[in-house]
Amino acid sequence: MMAVCQNLLDNFPGRMRLLESRSANEIYASLDTADLQEVTRSLLTQHGARLVTVFAEDRVNVEGAFYNYYVFERRGDPAYLILRAAIAPEQPRFPSLAVELPGVNWQEREIQDWFGLEAAGHPNPRRVALHDNWPDVHPLRKDFALHQVLPPFEGEQHEYRPTLGEGVFQVPVGPVHAGIIEPGHFNFAVAGEPILYLQLRMFYTHKGTEKLFEHLPIHRAVFLAESISGDSSFSHGTAFCQAIERAADIEVPFRARVMRTILLELERIYNHVADIGAIATDVGFVVANAHAGSLRESVVTLNEELTGSRLLRGCVCVGGVRRDWTRRQRETLETTLGLVEHGFGELVALVKSSDSTRDRLQRTGYLHPDKAKALGIVGVGGRASGVDLDARRDHPYAAYDCLDFRVPVYTDGDVLHRMQVRIDEVRESIGMIRAALAHLPDGPHRAPAQDIPAGRCALGVVEGWRGEIIHWVRTAPGNRLERCKIKDPSVNNWPALVEAVEDNIIADFPVINKSFNLSYSGTDR
Amino acid sequence: MFKILQKALTTGVVTAPYPRVPARLSESFRGKPEFDLARWKDARPAADVCPTEAITLVEGEAARRVTIDYGRCVFCGQCAEVSSDGAVRVTREFEMATRDRRDLIRTAEYALNPDGSHRALTSASTVDRARAAEASGRELREKIRSTLGRSLAIREVDAGSCNGCELEIIALNNPVHDIERFGIHFVASPRHADMLLVTGPVTRNMEMALRKTYQATPEPRVVVAVGTCGISGGIFGVNYATRGGVDQVIPVDVFIPGCPPRPEALLHGILLAVDRISSAR
């Protein structure tokens with residue numbers, strides 16, 4: 001990545017500048033907003049890079065400008081390139097990349113909403129994060145108070161794309177859904193049963209999380225990170241702690257890294273098992289779901305045995321994990337793992353024994369690999385559509401550099417293969433936990449507590465069970481944060497759902513939705 | 001088909017007999033932290049580490065008022081870790097559901113030593129069990145029990161939760177917790193529901209949806225606030241985007257603490273709401 005950066009510096013002499021980088025894996029450079037589109041094009045086409053995320057920061061009081069950050073990565077290179085573009089408060093706009101990179105559509109509009117910076121040239125510049133009934137506020141600006149009381153909610157005024165034509169009609173669903181799931185609004189345009197298009201409306205669960213990070217001391221903020229997305233508590237908590245550890249040069253003991261690896265994989269297993277059951281339910285195979293439910297229960301019981309919490313909460317901390325495992329706990333892990341492996345084999349055999357299930361899943365909710373790549377899809381949804389990304393392999397953290405594992409990738413892109421990716425991953429995870437446990441090193445389970453230096457920036461990256469989780473922090477004096485950006489993989493993947501449901505019958509929507517199983521809370525924060 | 005039957009027969013019954021038999025909890029499970037108020041030498045370290053300000057202090061002239069709010073607690077257990085006097089202990093107690101929000105709050109007042117540590121406990125709140133039992137009038141509760149007690153339809157509403165509570169509510173439907181054995185089932189519409197099970201700190205964007213869902217639920221209806229966020233807003237509290245708990249928006253009958261509450265705790269709270277179980281077990 002350093003060579004790529006050097007090449008850019010040579011091609012844009014005097015207009016790009018290398019900034020101080022604290023870690024070899026994070027290269028920071030500044031550029032002029034005027035060059036943004038050209039630099040991005042060069043990175044994507046000539047250098048085969050991928051735009052990971054786009055976000056902004058209010059530095060007006062300190063440095064007299066807003067900053068936009070563009071994070072890039074390249075296959076086979078553990079380093080990230082982070083480009084920073086300064087935006088003057090007098091001219092609060094930046095050139096949009098959304099025409100060429102539809103994947104940044106929402107992320108750029110978030111910057112518009114949170115910071116009041118205009119994404120010039122955006123094809124659909126409407127509000128996304130702040131609903132239409134919100135006053136003209138920009139909550140992530142430093143002059144916006146966290147506890148500000150806004151005028152009462154006046155009801156939904158959002159205008160959806162119209163649905164016209166004989167026999168064509170709209171089906172609005174949500175935000176309160178029929179099942180026990182998170183709130184969001186789906187607006188289907190249907191012609192009879194087939195779906196013409198789906199419009200999404202998210203951010204119903206927006207809780208001011210990123211703003212709140214700026215008001216909590218870091219030791220409390222870890223718990224906030226665990227509450228970003230309940231099913232990814234450990235992944236988000238770990239991503240956050242890794243960002244802080246990198247910012248403060250904290251060396252996490254090897255034992256702690258191995259323990260984190262085991263817990264991250266347990267989180268993957270319990271979620272994947274539940275999803276396989278839920279996919280079966282959505283095509284009417286409830287017996288399989290009953291078995292999946294009871295299998296999942298044994299994994300979350302194991303979670304509780306190891307961490308005191310069924311959802312792995314209150315375990316990760318800056319510098320390692322809060323408690324070491326006793327011999328009894330390690331033995332329970334080993335025995336339960338064997339039972340889970342056996343149970344999982346039976347579950348997969350059961351699901352696969354049903355031809356009608358296979359029939360319902362195959363070619364349902366198809367996402368073409370080209371579309372997946374163009375939209376920047378990550379995680380399970382990406383890997384089922386040929387997007388070969390996995391931060392565990394590409395940007396190793398915890399103890400993943402010491403483990404052998406396979407990243408399953410398919411190009412079939414349907415519900416069946418999104419389920420198959422999960423099946424393969426559970427098997428890999430069981431193997432990884434077993435290997436990690438066999439080589440669990442001695443030593444401390446956390447680094448000694450220390451003060452976090454102010455003014456440091458760092459990324460924390462974890463491949464959660466859904467996909468790539470990114471946290472970016474800038475530290476502040478007094479063990480606090482100036483800014484914490486969170487990108488849940490769901491932010492990338494909602495457009496995949498929109499794409500995948502087209503031409504499917506509306507009755508298949510639940511199973512297609514479940515096959516992605518995206519986080520609303522992780523998206524809305 | 002044969003394989004499916006064979007698998008079902010070889011699996012047998014996996015359902016846990018809770019609440020007839022106490023729940024099987026792992027040794028590491030972190031439940032309610034108990035405070036030995038008389039022995040507690042210093043509340044400051046615990047208040048400092050508490051991620052959700054469940055332990056708050058008001059400092060006076062050589063005196064300190066300590067408030068412990070289980071409705072804000074996320075059961076991380078750090079208060080016990082930092083209280084070196086051993087006066088704070090994490091128990092495995094989880095049946096904390098209550099009809100009265102006030103039951104989740106304890107207060108204590110201390111006279112202080114010059115270094116700020118506690119010299120003596122001067123007063124402490126007690127739990128008023130009688131009040132708790134009378135919280136929602138006998139007559140109404142009798143009506144609820146007779147109408148809803150035998151077969152209960154629940155509509156779940158996520159009013160901005162992180163999805164943690166939903167995971168545990170979904171687990172109520174798995175064969176291990178199997179809530180249908182009590183004649184309780186989850187329905188797709190509030191119009192079919194007797195009870196709203198509401199999670200989350202109630203975001204500004206869900207406030208209207210929650211009100212409308214409540215209005216659509218026929219009477220007699222029961223509202224249960226689930227989890228730390230549902231009770232108090234939890235770590236999110238009240239901010240520009242959150243209202244800080246379900247009872248800020250609609251009337252709540254029962255509060256179930258936990259982050260998230262384990263399935264048995266949910267079951268306990270739901271049964272309490274329809275008077276099929278008593279709060280003081």
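Letters go in sequence order (proteins before strands), and every chain restarts at 1. We use all heavy atoms of the structure for the numbers below, so side chains are in, but hydrogens, waters and symmetry mates are not.
A donor-acceptor distance shorter than 3.5 angstrom exists from the side chain of B/Arg155 to the backbone of A/Ala178, with no hydrogens or angles considered. Side-chain atoms of B/Arg30 come within 3.5 Å of backbone N or O of A/Thr307 as a donor-acceptor pair. At least one donor-acceptor pair under 3.5 Å links the side chain of B/Thr203 to the backbone N or O of A/Tyr204. Checking side-chain atoms of A/Glu304 against main-chain N and O of B/Ser26 turns up a donor-acceptor pair under 3.5 Å.
Remark: A/Arg127 CZ is packed, more than 12 non-hydrogen atoms of other residues, nucleotides or ligands lying under 6.0 Å away. Residue A/His342 qualifies as open at atom NE2: its count of foreign heavy atoms under 6.0 Å is 12 or below. Within 6.0 Å of CZ on A/Arg328 lie more than 12 heavy atoms contributed by other residues, nucleotides or ligands. With a 6.0 Å radius and a threshold of 12 heavy atoms from other residues, nucleotides or ligands, B/Lys212 has its NZ atom at or below the threshold. Atom CZ of B/Arg181 has more than 12 heavy atoms from other residues, nucleotides or ligands within 6.0 Å. More than 12 heavy atoms of other residues, nucleotides or ligands shown are found within 6.0 angstrom of CD on A/Glu331. Heavy atoms from other residues, nucleotides or ligands lying under 6.0 Å from CZ of B/Arg24 number 12 at most.
Listed here is the closest heavy atom pair of A/Arg220 and B/Ala47: NH2-O, 3.5 Å. B/Cys162 and A/Arg313 make their closest contact through SG-NH2, 3.0 Å (heavy atoms, listed as atom of the first residue, atom of the second, distance). Here the shortest heavy-atom pairing between B/Met206 and A/Pro183 reads SD-CB, 3.6 Å. Counting all heavy atoms, side chain and backbone alike, B/Phe236 lies closest to A/Ser227 at CZ-O, 3.7 Å.
Only the side chain of A/Gln329 comes within contact range of chain B, judged by heavy atoms closer than 4.5 Å. Residue B/Asp178 does not touch chain A at all, counting heavy-atom pairs closer than 4.5 Å. When heavy atoms are compared at a cutoff of 4.5 Å, A/His219 approaches chain B solely by way of its side chain, counted from C-beta outward. Proximity to chain A (any heavy atom under 4.5 Å) is restricted, for B/Val176, to the side chain, taken from C-beta onward. In this structure, chain A has no heavy atom under 4.5 Å from any part of B/Gln6. For A/Arg296, the part sitting under 4.5 Å from any heavy atom of chain B is the side chain, from C-beta outward, and nothing else. Contacts between A/Leu302 and chain B at a heavy-atom distance below 4.5 Å are absent for every atom of the residue. Contacts of A/Leu146 with chain B are made by both backbone and side-chain atoms, with heavy-atom separations under 4.5 Å. Neither the backbone nor the side chain of B/Thr199 comes within contact range of chain A; no heavy atoms are under 4.5 Å apart. In this structure, chain B has a heavy atom under 4.5 Å from the side chain of A/Arg310, while its backbone stays farther away. Proximity to chain B is absent for every atom of A/His215, based on heavy atoms less than 4.5 angstrom apart. Contacts between B/Pro190 and chain A at a heavy-atom distance below 4.5 Å are absent for every atom of the residue. Contacts of B/Cys50 with chain A are made by backbone atoms alone, with heavy-atom separations under 4.5 Å and no side-chain atom involved. When heavy atoms are compared at a cutoff of 4.5 Å, A/Phe144 approaches chain B solely by way of its side chain, counted from C-beta outward. Of the atoms belonging to B/Ser189, not a single heavy atom falls under 4.5 Å from chain A. In this structure, the portion of A/Leu311 lying under 4.5 Å from any heavy atom of chain B is its side chain and not its backbone. Proximity to chain B is limited to the side chain of A/Phe285, based on heavy atoms less than 4.5 angstrom apart. Neither the backbone nor the side chain of B/Val90 comes within contact range of chain A, judged by heavy atoms closer than 4.5 Å. If you measure heavy-atom distances from B/Asp158 to chain A, the contacts under 4.5 Å come from both the backbone and the side chain. With a 4.5 Å cut-off on non-hydrogen atoms, B/Gln78 touches chain A through its backbone and its side chain both. With a 4.5 Å cut-off on non-hydrogen atoms, A/Leu224 touches chain B through its backbone and its side chain both. Looking at A/Val287, the atoms closer than 4.5 Å to chain B (heavy atoms on both sides) all sit in the side chain, from C-beta outward.
In this structure, the side chains of B/Arg204 and A/Asn133 come closer than 4.5 Å at one or more pairs of heavy atoms. Considering only heavy atoms from C-beta on, B/Cys76 comes within 4.5 Å of A/Arg322 through its side chain.
For the options A/Gln148, A/His291, A/His147, heavy-atom pairs under 4.5 Å to chain B are most numerous at A/His291. Chain A forms more heavy-atom pairs under 4.5 Å with one residue of B/Ala8, B/Gly234, B/Pro51, B/Gly31 than with any other, namely B/Pro51. In terms of heavy-atom pairs under 4.5 Å with chain A, the best-connected choice from B/Ile170, B/Val202, B/Leu197, B/Asn173 is B/Ile170. Looking only at heavy-atom pairs under 4.5 Å with chain B, the residue among A/Gly308, A/Gly314, A/Gly293, A/Ala349 that has the most is A/Gly308. Note: B/Ser161 leads B/Gly77, B/Ser161, B/Ala159, B/Gly237 in heavy-atom pairs under 4.5 Å with chain A. Among the candidates A/Ser519, A/Cys315, A/Ala274, A/Ala290, the residue making the largest number of heavy-atom pairs closer than 4.5 Å to chain B is A/Ala290.
Taken to the nearest 0.5 Å, the CD atom of A/Glu226 stands 8.5 Å off from the CD1 atom of B/Ile235.
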Decide yes or no on side-chain contact (heavy atoms from CB on, under 4.5 Å) for A/Tyr520 and B/Glu166, but give the supporting numbers first.
CA-CA 12 Å; A/Tyr520 300 63; B/Glu166 277 63 34; over 6 Å; no
After noting the C-alpha distance and the side-chain angles of A/Thr205 and B/Asn205, does the key distance pass the side-chain contact (heavy atoms from CB on, under 4.5 Å) rule?
CA-CA 7 Å; A/Thr205 70; B/Asn205 290 344; over 6 Å; no
Could you walk me through whether A/Lys211 and B/Asn239 pass the side-chain contact (heavy atoms from CB on, under 4.5 Å) check?
CA-CA 10 Å; A/Lys211 185 82 179 177; B/Asn239 68 40; over 6 Å; no
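Of the options B/Ile169, B/Leu167, B/Leu172, a side chain to side chain contact (heavy atoms under 4.5 Å, CB included) to A/Ile180 is made by B/Ile169 and by none of the others.
Under the 6.0 Å cut-off for aromatic ring centres, A/His206 and B/Tyr240 qualify, their centroids lying closer than that.
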